[in-house]
Amino acid sequence: MDFRGKNIIVTGGASGIGRAVVDGIVAGGGHAIVVDINMDMAMKVVEELGSENVSAYRVDISDSEAIRAEYAKILEEKGQIHGLINNAGIVSTAPFEEITQAEWDRVMAINLTGNFAGISALIPSMRANGYGKIVNVSSVAAKLGGGLLGTAAYASSKAGVIGLTKAVARETAADGITCNCVCPSYTVTPMTSNIPEEKRLQMVNAIPMKRGGTPQEIANVILFYASDLTSFVTGEISDVDGGITRD
């Protein structure tokens, strides 16, 4: 996929699915902008792929004002942002009755409100340029009510991402902006590496393909939506889940 001349922000781009997306953007000739809270890992990506191909900015996605301030800085330094991949997120696995208000608020702040803040910070510039590719990463938990890994707080936040995607797609379609969403199931990443073996097998057995996805397999669909191959596609929600959802 051709990303030549494109500047694309990837939240959570220092590892896992986000890192695979960054690799794909650079392979396609684009410039990836890693937005992550872990600057040590982000700078490692810059060192490995080259500062001409990757930039890194530290942002706490739970802080909406920090997102807006840093994205304004990125716009000033880069001139135009062609794409935004909202990939950063956290998992909540507590049973419903054990979810504290603090945990609920934090999951919503990172998984949903952070997406809203990032999109709203970039929409005016994208509208002015008549171009923008937004891809949000939700989860099959949004459609299944959890059950694989996340529970109520996680599933609710990711369901909100789907609603946000459709609303943004509808309201920006006439402005040269597309907004689509990818819903992975269990993916083998650093975030899921500490799952107990019994739980891992339970998740794998629930997936018709009987395995977890790789970051690259999820990234392939994200990159597709971030590319001009999807110039007439917006508001789409795609499962990348080994067949568990089938809708």
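What you see below is based on every heavy atom in this structure, not just the backbone, and it leaves out hydrogens, waters and symmetry mates. Quick note: residue numbers are just sequence positions, from 1.
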Sole candidate of Val161, Asn86, Asn136 that passes side-chain contact (heavy atoms from CB on, under 4.5 Å) when paired with Leu112: Val161
In one Ile/Leu/Val/Met/Phe/Trp/Tyr side-chain cluster, 4.5 Å: Val233, Val221: yes
Atom NZ of Lys143: over 12 foreign heavy atoms under 6.0 Å: yes
Trace of the side chain to side chain contact (heavy atoms under 4.5 Å, CB included) decision for Lys133 with Ser227: CA-CA 8 Å; Lys133 306 289 286 187; Ser227 76; 6.0 Å; no
Enclosure of Glu52 CD (heavy-atom neighbours >12, cutoff 6.0 Å): yes
Under 3.5 Å: donor-acceptor pair, side chain of Ser125, backbone of Leu122: no
More than 12 heavy atoms of other groups within 6.0 Å of Tyr57 OH: yes
CD1 on Ile162 to OG on Ser139, rounded to 0.5 Å: 8.5 Å
Taking every non-hydrogen atom, the tightest pair across Thr165 and Asn180: CG2-C, 3.6 Å
Non-hydrogen atoms of Thr113 and Ser64 that approach each other most closely: CG2-OG, 3.5 Å
Side-chain donor or acceptor of His82 paired with backbone N/O of Asn7 under 3.5 Å: yes
Side-chain heavy atoms of Asp228 within contact of Asp2, under 4.5 Å: no
Side-chain heavy atoms of Trp104 within contact of Ser156, under 4.5 Å: yes
Atom CD of Glu76 with >12 non-hydrogen neighbours under 6.0 angstrom: no
Heavy-atom donor-acceptor pair, Ser138 side chain to Lys158 backbone, under 3.5 Å: yes
Side chains of Ser55 and Glu77 in contact at under 4.5 Å (non-hydrogen atoms): no
Nearest non-hydrogen partners of Val107 and Ala153, listed with the distance: CG1-O, 3.7 Å
Distance (rounded to the nearest 0.5 Å) between Arg246 CZ and Ile244 CD1: 7.5 Å
Closest contact, heavy atoms only, Val204 versus Gly212: CG2-N, 4.2 Å
NZ (Lys73) with more than 12 external heavy atoms under 6.0 Å: no
Within one Ile-Leu-Val-Met-Phe-Trp-Tyr cluster: Ile9 and Ile222, side-chain cutoff 4.5 Å: no
Approximate separation, where rounding is to 0.5 Å, of Ile177 CD1 and Ile134 CD1: 6.0 Å
Same cluster (ILVMFWY, side-chain, under 4.5 Å), Leu223 and Val240: yes
Verdict with reasoning, Asn87 to Val21, per side chain to side chain contact (heavy atoms under 4.5 Å, CB included): CA-CA 9 Å; Asn87 164 75; Val21 172; 5.9 Å; no
Ion pair check, Lys44 and Asp40, cut-off under 4.0 Å: no
Shortest non-hydrogen contact from Ala155 toward Gly145: CB-C, 3.7 Å
Side chain to side chain, Cys181 and Lys166, heavy atoms closer than 4.5 Å: no
Ile110 side, atom CD1; Asp63 side, atom CG - distance, nearest 0.5 Å: 10.5 Å
Test item: Thr11 side-chain N/O and Ala88 main-chain N/O as donor-acceptor pair under 3.5 Å: yes
Hydrophobic cluster identity match, Ile67 and Val34, side-chain contacts under 4.5 Å: no
Heavy-atom pair with the smallest gap, counting every atom of Ala226 and Phe3: O-CE2, 3.6 Å
Audit row: Ser238, Tyr225, side chain to side chain contact (heavy atoms under 4.5 Å, CB included) steps and yes/no: CA-CA 10 Å; Ser238 289; Tyr225 280 132; 2.4 Å; yes
Euclidean distance, Leu49 CG relative to His31 NE2, rounded to 0.5 Å: 10.5 Å
Main-chain N/O of Gly12 paired to Ser15 side chain as donor or acceptor, under 3.5 Å: no
Thr172 (side chain) donor-acceptor with Asp175 (main chain) under 3.5 angstrom: no
Heavy-atom donor-acceptor pair, Thr151 side chain to Ala94 backbone, under 3.5 Å: yes
From CA spacing to verdict: side chain to side chain contact (heavy atoms under 4.5 Å, CB included), Ile81, Tyr71: CA-CA 9 Å; Ile81 298 302; Tyr71 282 21; over 6 Å; no
Ser185 side chain vs Asp241 backbone, donor-acceptor pair below 3.5 Å: yes
Polar contact flag, side-chain donor to acceptor under 3.5 angstrom, Tyr131-Lys6: yes
Under 3.5 Å donor-acceptor, Asn129 side chain and Gln80 backbone: no
Heavy-atom check, side chain of Glu217 versus side chain of Pro184, under 4.5 Å: no
Transitive ILVMFWY side-chain link Ile37 to Val35, under 4.5 Å: no
Donor-acceptor under 3.5 Å (Glu98 side chain, Pro95 main chain): no
Point-to-point distance, once rounded to the nearest 0.5 Å, from CE of Met126 to CD1 of Ile123: 6.5 Å
